[in-house]
Amino acid sequence: MDYRPQDLDRKWQSRWTSSRAFEVEVDTSRPKFYCLEMFAYPSGHAHVGHVRNYIIGDVMARTKRMRGYNVLHPFGWDAFGLPAENAAIKGGIHPEVSTRGNIAHMKGQLQRLGISYAWERELATCDTEYYKWNQWLFIRMFEKGLAYRRRSSVNWCTSCNTVLANEQVVDGGCWRCGTPVETRDLEQWFFRITAYADELLDATAGLTGWPEKVLTMQRNWIGRSEGARVKFPLESRAPSPEPQAPSPEIEVFTTRIDTIYGATFVLLAPEHPLVAALADRSPDPASFRQTVQGFRAQDRAARMSGAIEKQGFDTGARAVNPFTGASVPVWVANFVLGEYGTGAVMAVPAHDQRDFEFARKFDLPIKVVVTPDGRPVDASSMGEAAEAYGTLVDSGEFSGLPSADAQKRMIASAKARGIGEGTVQFRLKDWGISRQRYWGTPIPMIHCPEDGIVPVPDAELPVVLPHVAQFSGRGDSPLAQVAEFVNVRCPRCGGPARRETDTMDTFVDSSWYFYRFADPRNNAQPFDPAAVKYWLPVDFYSGGVEHAILHLIYSRFFARVFRDLGYVDQGEPFKQLLTQGMVLKDGAVMSKSKGNVVDPDTMLQKFGADALRLYVMFVAPPEKEVEWSDAGLEGSYRFLARVWRLVEHWRSAVARSTGTREAAWASLDAAERAMRRKTHDTIRRVTVDIEERQQLNTAVSAMMELVNDLYAFSERAVTGAPTHKSGEEEMAPAAGERPETVDVMREALEALARLLSPFAPHSAEEMWERLGHADSLNAASWPTYDAVVARAEEIVVPVQINGKVRSRLTVSVDISEQEMEQLALADPAISSYIAGKTVRKVVVAKGRLVSLVVQ
RNA sequence: GCGGAAGUGGCGGAAUUGGCAGACGCGCUAGCCUCAGGAGCUAGUUCCCGCAAGGGAGUGAAGGUUCGAGUCCUUUCUUCCGCACCA
């Protein structure tokens with residue numbers, strides 16, 4: 001029979017489904033393994049880049065299943081999100097319709113690849129049964145003060161009169177009409193992730209199964225920095241008649257309080273609350289405000305293009321440096337960030353490059369207060385700021401102290417005087433989750449004129465996303481236009497009230513779906529804690545690096561929220577993380593717009609699922625980026641066909657020999673022993689490569705080596721090599737053929753079918769069946785190896801003279817170091833080299849090599 | 001600028017603990033088989049010299065440690081990725 005993979009795909013996929021082969025239940029008597037690939041946004045079509053990740057996970061899942069683990073391997077859909085809504089605005093197809101259609105298509109693609117998912121646990125985040133628990137959790141977080149509301153700026157298109165997501169801002173303009181985007185302040189919901197900043201940072205040290213790269217990215221993202229807050233009092237002017245007089249001081253954050261004697265001016269962010277008040281007091285408030293507004297608008301556009309030039313202007317106000325008592329000017333600067341620290345900085349041009357550039361540009365004073373290496377620094381001639389730590393000069397009572405000591409003393413001094421204190425500042429900000437969008441989880445809150453913000457009672461959850469027929473892309477939040485949705489009675493006072501019309505960021509959906517998979521149909525709670533206790537943490541999590549920060553940090557945050565709610569007992573959800581590399585085509589990431597998408601279905605039709613799976617695993621280690629190659633895929637197909645012919649060639653001989661196996665191991669000849677050794681060593685290598693090294697490409701090459709040896713072994717046996725022609729016939733053992741050879745072949749083919757099955761499950765199942773087995777390869781059928789058999793009897797050991805290999809010795813593996821040395825010196829090739837010279841040193845690495853130093 | 005990863009044949013890559021560099025695959029070459037081959041089987045394939053035996057060179061570059069370095073150390077170059085006025 002010829003190798004027809006497409007038939008095998010169909011046959012085995014339907015068998016797996018009908019036998020519920022991959023469905024699992026909690027079973028505390030067995031070790032569990034939770035294997036998860038990041039769930040998918042249902043964009044419509046999976047390309048081979050996406051698919052690579054699922055295959056990697058499937059190899060792990062199938063291997064662990066065969067190793068006897070109770071394997072949870074679920075899949076689902078990150079189904080809410082902007083693209084579906086954008087498509088609805090442009091094409092008029094309702095997000096619900098397009099999303100469900102896309103899910104159906106992509107699910108078919110994954111099924112055709114034979115990925116071993118527990119499909120009965122499938123979930124989509126747009127299911128009310130799922131997002132209900134987003135709402136439930138939101139309310140719990142609201143109760144604990146972890147969800148709160150405050151004003152924050154959004155992108156606003158004045159032409160469409162609507163809020164834009166960051167992705168909808170293209171080159172600083174609206175994605176639809178190109179109108180320049182403005183910022184506008186709205187009341188929005190936030191999650192207080194900063195409450196866990198320290199813990200999220202510290203716990204990275206315990207994530208030993210994560211790539212160091214990802215941990216570094218998370219640490220940088222959290223961005224802990226130690227420093228101090230110090231108040232610079234504003235110089236009093238004529239008493240202000242205004243009732244809300246500006247705050248009498250400017251608080252700055254600095255990590256270099258040791259340089260404070262050199263603080264010759266103060267800079268405010270354009271967003272700083274004091275700026276508006278200072279504008280009122282300025283001689284020309286209109287132009288003041290216009291300049292500030294210019295800075296704020298510029299900031300957005302400039303983020304895209306890179307660096308922007310430093311700009312600023314003098315507010316006219318002055319503040320007092322609390323350490324020197326000097327009067328310093330207060331400026332507004334475009335590069336000071338409103339959302340970091342206090343939104344104000346003390347500028348020390350001598351010791352901070354940014355301040356230095358600003359001072360030079362605007363001719364502000366530069367004062368040196370730290371000498372890096374003991375040599376004096378001249379303020380007027382320095383070309384750049386001296387940022388290094390050093391010894392303080394010209395700093396009053398602190399002069400002469402090293403920077404680090406000075407920082408401690410200055411913080412103590414500031415604290416004693418009530419003008420500052422040491423603080424820890426994080427770069428991590430609270431997570432803004434409000435989206436003025438339709439296709440997401442409605443935020444379960446009610447705004448009552450009497451009672452303020454009231455959560456929807458648990459009994460009334462879910463707040464179902466109402467049907468919206470028309471998506472214009474204009475105006476308010478889509479939900480705000482649905483009167484039946486918006487108008488509601490206040491749960492507390494019963495009076496008329498309005499529902500919250502914002503929906504949640506879809507990162508909320510993806511921050512806990514891995515818990516839900518443990519118990520996806522629970523209607524009473526987000527999940528049964530006992531089920532999660534059994535299945536979690538995820539033992540193997542794989543996905544793209546693009547999620548290294550947001551998704552993974554939000555998930556770690558949610559894990560701690562669930563922990564503090566008493567639902568899970570530990571705060572790290574992912575034990576091991578693998579970030580798989582992308583698949584490139586013509587050197588670029590696959591994308592529809594580039595037109596370089598490789599469609600898995602086309603490959604499936606040509607070569608079958610197994611060849612595609614095998615190729616993608618073989619081409620490179622999982623973390624690496626790979627370039628797609630049609631020729632490489634063909635090579636994998638050829639390999640599978642080669643294995644297939646080998647099985648076909650031998651299977652009837654193997655079937656007839658049943659019963660003689662094992663008995664014959666003692667009477668093997670040398671070639672049979674070597675073949676058997678190769679079989680057992682291959683089992684060892686493949687097992688280690690998958691489970692320990694997770695280097696799936698070398699696992700495949702180990703199997704290829706085995707097959708190459710089996711062909712040679714087959715050639716040597718009387719039956720000849722399984723050529724294309726002869727493969728079509730069932731070969732009987734030729735006259736005089738040794739039964740031992742058949743036994744060795746059977747052991748090898750059975751091992752091979754099983755080792756191959758995580759990679760090429762359809763072909764492997766079929767081969768297993770054709771070798772005479774009625775059971776499926778699914779459960780607990782991983783081959784074991786005999787370490788004694790796997791060990792070589794003889795090895796070839798190189799002999800080096802002065803670092804160059806001059807001869808090779810074939811020796812027993814058990815040979816002693818002394819014997820090796822003697823054999824090496826007695827070797828004719830070696831003795832002729834060393835004749836007449838002095839052997840100064842002999843190094844023997846047991847079982848590895850002999851190295852002679854000769855003069 | 002800061003941080004991270006990586007540089008190995010024509011190509012993808014392998015080398016697990018400092019011990020035979022180039023496994024395995026692609027591509028290419030030759031032979032066999034065949035009516036035919038874009039199928040299959042066998043052999044070859046880092047570069048240079050040589051009919052061969054063999055010799056020499058060789059893991060981005062330059063040094064170093066070592067009997068021995070792709071692997072460890074120092075310097076340096078290049079590429080990719082992340083962060084990027086975070087005070």
Side-chain angles (χ1 to χ4, degrees), chain A residues 211-217 219-221 223 225 227 252-256 259 267 269 299 302-303 306-310 333-337 339-348 351-355 357-358 425-429 545-546 548-549 581 614-615 618-621 623-636 638-639 641-642 645 685 688-689 692-693 695 697-705 707-708 711-712 715 720-727 796-805 808 840-854:
Chain A
E212 198 55 43
K213 174 195 173 80
V214 173
L215 295 178
T216 304
M217 285 165 76
R219 287 176 190 135
N220 292 342
W221 187 259
S225 57
V252 303
F253 173 72
T254 178
T255 54
R256 290 299 302 275
T259 64
L267 295 174
D299 196 20
R303 282 271 150 74
I308 48 172
E309 196 176 340
K310 288 182 176 52
N334 63 342
F335 65 91
V336 177
L337 304 173
E339 67 277 24
Y340 184 77
T342 59
V345 299
M346 63 177 207
V348 185
H351 305 293
D352 181 285
Q353 185 59 25
R354 295 156 301 185
D355 300 343
E357 289 168 21
F358 196 83
Q425 183 65 45
F426 292 95
R427 189 184 167 282
L428 180 74
K429 290 179 279 182
V545 244
E546 64 272 21
I549 298 178
L614 193 76
Y615 167 63
F618 174 61
V619 66
E623 299 84 356
K624 269 207 74 152
E625 241 172 34
V626 297
E627 172 71 26
W628 176 260
S629 149
D630 284 342
L633 174 60
E634 280 183 55
S636 291
R638 277 203 293 273
F639 169 73
R642 196 166 141 86
R645 286 194 305 275
R685 282 173 64 188
V688 169
D689 280 352
E692 291 169 32
R693 303 208 307 150
Q695 188 136 315
N697 54 329
T698 50
V700 176
S701 45
M703 290 186 277
M704 288 173 166
E705 280 185 42
V707 171
N708 289 344
Y711 264 68
E715 175 82 21
T723 63
H724 184 59
K725 285 281 173 206
S726 66
V796 177
V797 174
V799 183
Q800 295 180 346
I801 295 176
N802 295 340
K804 288 196 192 305
V805 178
R808 291 183 170 83
R840 299 183 61 95
K841 190 169 183 179
V842 181
V843 180
V844 181
K846 194 171 184 307
R848 295 224 184 238
L849 58 42
V850 181
S851 179
L852 306 177
V853 184
V854 170

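Quick note on labels: first sequence line is chain A, next is B, and so on, each numbered from 1. Any value given below was found using the heavy atoms of this structure, including those in side chains, with hydrogens, waters and symmetry copies removed.
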Does A/R219 make a side-chain N or O approach to OP1 or OP2 of B/C83 shorter than 4.0 Å? no
Among the nucleotides B/G82, B/G19, B/C85, which one has an atom lying closest to any side-chain atom of A/F335? B/C85
Side chain A/D352, main chain A/A347, donor-acceptor under 3.5 Å: no
Determine: side-chain N/O of A/N802 to OP1/OP2 of B/G68, distance under 4.0 Å, yes or no. no
Across the strands shown, which category fits A/V348 at heavy-atom distances under 4.0 angstrom: base, sugar-phosphate, nothing? nothing
Side chain of A/M704 only, please: which of B/C41, B/G3, B/G25 is the nearest? B/G25
Taking 4.0 Å as the cut-off, does a side-chain nitrogen or oxygen of A/Q695 come that near to OP1 or OP2 on B/A14? yes
Residue-phosphate contact under 4.0 Å: A/R642 side-chain N/O, B/U42 OP1/OP2: yes
Look at all strands and tell whether A/K310 reaches a base, only sugar-phosphate, or nothing, counting heavy atoms closer than 4.0 Å. base
Just call it for A/V843: base, sugar-phosphate, or nothing, with non-hydrogen atoms closer than 4.0 Å on any strand. base
Syn or anti for B/G9, please, going by whether the chi angle lies within 90° of 0. syn
Check the interface with nucleotides 57-61 of chain B: list each N/O to N/O pair with the protein under 3.5 Å, or write none.
from  : atom 1 : to     : atom 2 : distance (Å)
B/A57 : OP2    : A/K804 : NZ     : 3.2

Closest approach to the side chain of A/R638, judged atom by atom: which nucleotide of B/G40, B/G19, B/A23 is it? B/G40
If you find the nucleotide of RNA chain B closest to A/G803 and the one closest to A/A620, which residue's nucleotide is nearer the 5' end? A/A620
Classify the side-chain pair A/N708/A/R642 by whether it contains a donor and acceptor separated by less than 3.5 Å. yes
With the side chain of A/F618 defined as its heavy atoms from C-beta on, choose the nearest nucleotide among B/G40, B/G25, B/G19. B/G25
Candidate nucleotides B/A87, B/G19, B/A14, ranked by approach to the side chain of A/T254 - the nearest: B/A87
Shortest non-hydrogen contact from A/R848 to A/V797? O-CG1, 3.4 Å
Categorize A/G635 for me: base, sugar-phosphate, or nothing, with a 4.0 angstrom heavy-atom threshold over every strand shown. sugar-phosphate
With the side chain of A/N708 defined as its heavy atoms from C-beta on, choose the nearest nucleotide among B/C41, B/A87, B/C24. B/C24
Can you work out whether A/V619 or A/R693 has the more 5'-proximal nearest nucleotide on RNA chain B? A/V619
Check residues 697-705 of chain A and write down every donor-acceptor pair under 3.5 Å in which the side-chain atom is one partner and the other belongs to a residue at least two apart or another chain.
from   : atom 1 : to     : atom 2 : distance (Å)
A/T698 : OG1    : A/D689 : OD2    : 2.9
A/T698 : OG1    : A/R693 : NH2    : 3.4
A/T698 : OG1    : A/Q695 : O      : 3.0
A/S701 : OG     : A/N697 : O      : 3.4
A/S701 : OG     : A/T698 : O      : 3.1
A/E705 : OE1    : A/K678 : NZ     : 2.8
A/E705 : OE1    : A/R685 : NH1    : 3.3
A/E705 : OE2    : A/R685 : NH2    : 3.3

Test: A/K310 cationic atom under 6.0 Å from A/F358 six-membered ring centre, within 45° of axis: no
Are there more than 12 heavy atoms of other residues, nucleotides or ligands under 6.0 Å from atom CZ of A/R219? yes
Do you know which two heavy atoms are closest between A/S629 and A/Y615, and how far apart they sit? N-OH, 3.2 Å
Any A/R685 side-chain nitrogen or oxygen under 4.0 Å from OP1 or OP2 of B/U16: no
Contacts of A/W628 meeting side chain to side chain donor-acceptor pair (under 3.5 Å) (sequence neighbours excluded), chain-then-number -> A/D630
